[in-house]
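Presented below is the structure to which this report refers.
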There are 2 protein chains.
Amino acid sequence: MTLCNGKENHKKTHPERFGGGDDSRPKSKRRITSFDVAKEAGVSRSTVSAVINKNTKVGISESTTQKVLSAAARLGYIPKLAARSISSHRSYAIGLISCWQSNSYMLTRPLRGMMQYLRQEEYSLTLCDLGSADMTKSAAIAVKYFLEGRIDGLIIILRTNAPEEEVASALDLLRRENMPLVLVNTAVEEPDIDEVNCDNLHAGYIATKHLISCGHRDIAFIYRRQNAENCSLAEEGRYRGYIKALEEAGIEPPEDYVVRLPDQEFDVKQGSDALHYLMNNDGARRRPSAVYTLNDTVALGVIYAAAKAGLHLPEDLAIVGNDDMEGSRLLCPALTSVAQPLQQMGEEAARLLKQRIEGTGPDHPVKLTLPCHLVIRESCGWSGQAEVEREEQS
Amino acid sequence: MTLCNGKENHKKTHPERFGGGDDSRPKSKRRITSFDVAKEAGVSRSTVSAVINKNTKVGISESTTQKVLSAAARLGYIPKLAARSISSHRSYAIGLISCWQSNSYMLTRPLRGMMQYLRQEEYSLTLCDLGSADMTKSAAIAVKYFLEGRIDGLIIILRTNAPEEEVASALDLLRRENMPLVLVNTAVEEPDIDEVNCDNLHAGYIATKHLISCGHRDIAFIYRRQNAENCSLAEEGRYRGYIKALEEAGIEPPEDYVVRLPDQEFDVKQGSDALHYLMNNDGARRRPSAVYTLNDTVALGVIYAAAKAGLHLPEDLAIVGNDDMEGSRLLCPALTSVAQPLQQMGEEAARLLKQRIEGTGPDHPVKLTLPCHLVIRESCGWSGQAEVEREEQS
DNA sequence: CTGTTAGCGCATTCAT
DNA sequence: ATGAATGCGCTAACAG
């Protein structure tokens, strides 16, 4: 009878899979348990458990620790997670919900950071739901996993434009079960939950400041807001940074250079539309000589439209994007863009969640804000160096 | 004392999270167990277990089944996975290894199919390793998860150009533990393992046939092979389809129109290089009027290079890509491409794996080959309709 | 500092 | 067709 394999007709179906490997790694019939390790090391099972779990509450002598560890290694002992789980009430797995589709860099980059961190911490990552239109449904899945004991906590990667009420009701569902939670990219401030964001105000600030450094004064800003009250923190932050940089340079924030896109999926077409709007301005002032867009996809649309309108970049129009999307460096001209530390955000989110799960976190909700930096390429005609370094360090 | 939450200093740190939700969903101190359901339904625990697990081996009367089900629903009974796991030797989770980076469509599209299917089958998905350069390392992680009892089986999404020996040794590691396995995108044929692929021969065939239908006879093919012996099945298949279509049309396969890229990461630059090679051909024959490339990224490079060389697409050069990458429809001209049924491949892989885990699969290894279809856009100048439909149905 | 005892919640024999 | 007993492998509270 083979381990963890209820049906043995595998043996009949794939005889090749059972051929010659048995002598190289002698498979005992029985699973190695903590009992075996205890016997081998000449101690008790609870001592083994304490050593394996690095339990500091009960002091184990160094020599005993080594005895147990070497015995475990000798026997190839791998603790059964289900058994640990049933008595420790932990699954050593965390769940992930992303409001972004599975191919979005807003998911994949943080994901890398999470996996890297969790692997070294002996946690695994279970996908709950990706790119769902209905956050409440996603939350329900996570709740089920939590109640089953599949996951110990949850990271949620939010969209900046997620409907406020939907987020609130989804979070309530999770709070009700007292599930450890960390939010990445918070759209709405939740005072009682750990959050990891990047410094969007600074993003808008360094982007705009760079354009000013390149000699521009007529700088447009393209973003999106749901409505006057309910705008996403991320985009509003970038807007405020844009305003701040202009004001510092003594430029009056030009209201008719600010384009508010309708609230829908980002698309290159939105960028084209925005540029057309800016070009056909009512003539009260010059057309902008530079644009900062809330992301690179929209910037791509601006580039397309500008090329079609016969504008040469960056001479006729300078442009800065946001997010440093893959592919932005391949554009003509290669796009200057504000990079978010997405991988690091994922790692920090995982770290915070682990602390919450294990109760080792601070007594107050943690609000992490990580710095962005500017990736300078060709789309603004910048040729300097010093400025670059200064911005990147900040 | 709250459920599944060892530390209660949460209560101290986030008092808001414990405020008013308690009356809406009365949380009993104790977890609802099968014992409670048995008592409520007036039956025994084993009956509850049999009903919940739809165990057909032991016959339960319809009326008892209903009694149990309604009692379970009334109490909000959610079986503890760890407990089920410890006695059933199943985790109801499957693992995923992808040789592709987390943002690659070769991972994300199948992933959608898997998650959708697994959710309805009450399995969860645990990420083992994504985009690792070292498959043996990935396999070691999966083995650990399997031995811990975190996962019941594994789906591996392979790269077409993964080194043969590395794949073999990684698979040996997995086979040795007798782990249920399904391969997506097999680079090397493994006679004893279930595999899901798309019909790459047909992909090359319909792409080339389409170009012939557009009136082209001088058709180049850009692909990549590691060496003469060890070439990936996927790319070799596309090559064979290309040859087949040419031969059917009475065109002699032109050896100097076949470009073999060096074995490295795909890049637009490779596409540019390939076109330059084709353009500077030794003059023994005309330059090709059409190109089929093994994927859209390389096609993008060809488009760039063609534009720089002053060629107008599709008049001067027609082009068909492969994979129908996101963004290919946004190119100028919008790229005609062979689409793989990646999402469906993921779903089928999950289905096969579940069968293997539960021992309900066929007695022989399953080799699924799913059809590709051509997505016709502007890059070949095609204006017909009938051909499109025909290809898509095949 | 270490060993003994007692569950955890479920699936799975076997009896009935 | 159903119920009672047994064990899965581990952790945690205790006693020594």
Side-chain angles (χ1 to χ4, degrees), chain A residues 1 3-7 28-39 41-68 72 75 77-92 147-150 152 358, chain B residues 1 3-7 28-39 41-68 71-72 75 77-92 147-150 358:
Chain A
M1 173 80 64
L3 241 39
C4 291
N5 204 349
K7 315 287 172 182
S28 55
K29 294 208 182 306
R30 212 171 46 71
R31 183 188 179 86
I32 304 292
T33 74
S34 66
F35 182 81
D36 301 307
V37 178
K39 209 169 57 178
V43 297
S44 76
R45 299 175 63 204
S46 43
T47 304
V48 173
S49 173
V51 170
I52 298 290
N53 294 317
K54 304 180 183 64
N55 189 336
T56 49
K57 285 194 285 194
V58 43
I60 304 279
S61 72
E62 182 57 30
S63 68
T64 320
T65 301
Q66 286 311 321
K67 264 196 304 189
V68 170
L75 266 43
Y77 172 57
I78 296 186
K80 185 107 181 163
L81 191 78
R84 300 180 68 189
S85 183
I86 208 171
S87 52
S88 70
H89 303 291
R90 293 263 181 74
S91 64
Y92 296 94
L147 261 22
E148 285 180 328
R150 270 186 206 270
D152 295 334
E358 301 179 350
Chain B
M1 175 80 64
L3 241 38
C4 290
N5 205 348
K7 314 287 173 185
S28 54
K29 295 206 181 309
R30 213 170 45 71
R31 184 187 177 85
I32 304 293
T33 73
S34 65
F35 181 81
D36 301 306
V37 178
K39 208 170 57 180
V43 297
S44 76
R45 299 175 63 202
S46 39
T47 306
V48 172
S49 173
V51 170
I52 297 292
N53 293 318
K54 303 181 184 63
N55 189 336
T56 49
K57 285 193 285 194
V58 44
I60 304 281
S61 71
E62 183 57 29
S63 67
T64 323
T65 302
Q66 286 311 321
K67 266 195 304 190
V68 170
L75 266 43
Y77 172 59
I78 296 186
K80 185 108 181 161
L81 192 78
R84 300 180 68 189
S85 183
I86 208 170
S87 50
S88 70
H89 301 293
R90 294 265 181 73
S91 64
Y92 296 94
L147 261 23
E148 285 181 328
R150 272 185 204 270
E358 300 179 350

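These numbers were taken from a predicted model, which means no experiment stands behind them. Here is how names work: the chains are called A, B, and so on, in the same order as the sequence lines, proteins then strands, and each is numbered from 1.
- Heavy atoms of Ser49(B) sit under 4.0 angstrom from at least one base atom.
- Between His89(B) atom NE2 and dG9(D) atom C1' the separation is 10 Å, expressed in whole Å.
- Among the heavy atoms of the strands lying under 4.0 Å from Val43(A) are primed sugar atoms or P, OP1, OP2 only; no base atom is included.
- Taking Thr33(B) as the reference, Arg30(B), Phe35(B), Asp36(B) meet the side chain to side chain contact (heavy atoms under 4.5 Å, CB included) condition, with sequence neighbours excluded.
- For Ser44(A), taking side-chain heavy atoms from C-beta onward, the closest of the listed nucleotides dT4(C), dC8(C), dA11(C) is dT4(C).
- To the nearest angstrom, P of dC8(C) lies 18 Å from CZ of Arg90(A).
- We find that CD1 of Ile86(A) is positioned 10 Å from C1' of dG7(C), with the value rounded to whole Å.
- For Thr47(B), the listed nucleotide lying nearest its side chain is dG3(D); candidates were dG9(D), dT2(C), dG3(D).
- Across the protein-nucleic acid pair, Lys39(A) atom NZ and dT2(C) atom P stand 21 Å apart, rounded to whole Å.
- Whole-Å rounding puts the Glu148(A) CD to dC8(C) P distance at 20 Å.
- In the set dT2(D), dA11(C), dC1(C), the nucleotide with an atom closest to the side chain of Thr64(B) is dT2(D).
- The two residues Ser46(A) and Ser44(A) have their closest heavy-atom pair at OG-OG, 3.1 Å.
- The interatomic distance linking Leu81(B) (CG) with dG9(C) (P) rounds to 14 Å, in whole Å.
- Pairing each heavy atom of Arg84(B) with each of Pro79(B), the nearest pair is CD-CB, 3.8 Å.
- Taking OG of Ser91(A) as the start and CD of Glu148(A) as the end, the distance is 10.5 Å to the nearest 0.5 Å.
- One atom, NZ of Lys67(B), and another, P of dG3(D), lie 8 Å apart when rounded to the nearest Å.
- Distances were taken from every side-chain heavy atom of Ser87(B) (C-beta onward) to each of dA4(D), dC8(D), dT4(C); the shortest belongs to dC8(D).
- Taking only side-chain atoms of Arg84(B), from C-beta outward, the nucleotide of dA11(C), dG3(D), dT11(D) with the closest atom is dA11(C).
- Between Ser61(A) and dT2(C), a side-chain N or O to OP1/OP2 separation shorter than 4.0 Å is present.
- With sequence neighbours excluded, no residue forms a ring pair (Phe, Tyr, Trp, His ring centres under 6.0 Å) with Tyr77(B).
- With hydrogens and angles ignored, a donor-acceptor pair under 3.5 angstrom links the side chain of Ser46(B) to the base of dA4(D).
- Phe35(A) has its CZ atom 12 Å from the P atom of dG9(D), to the nearest Å.
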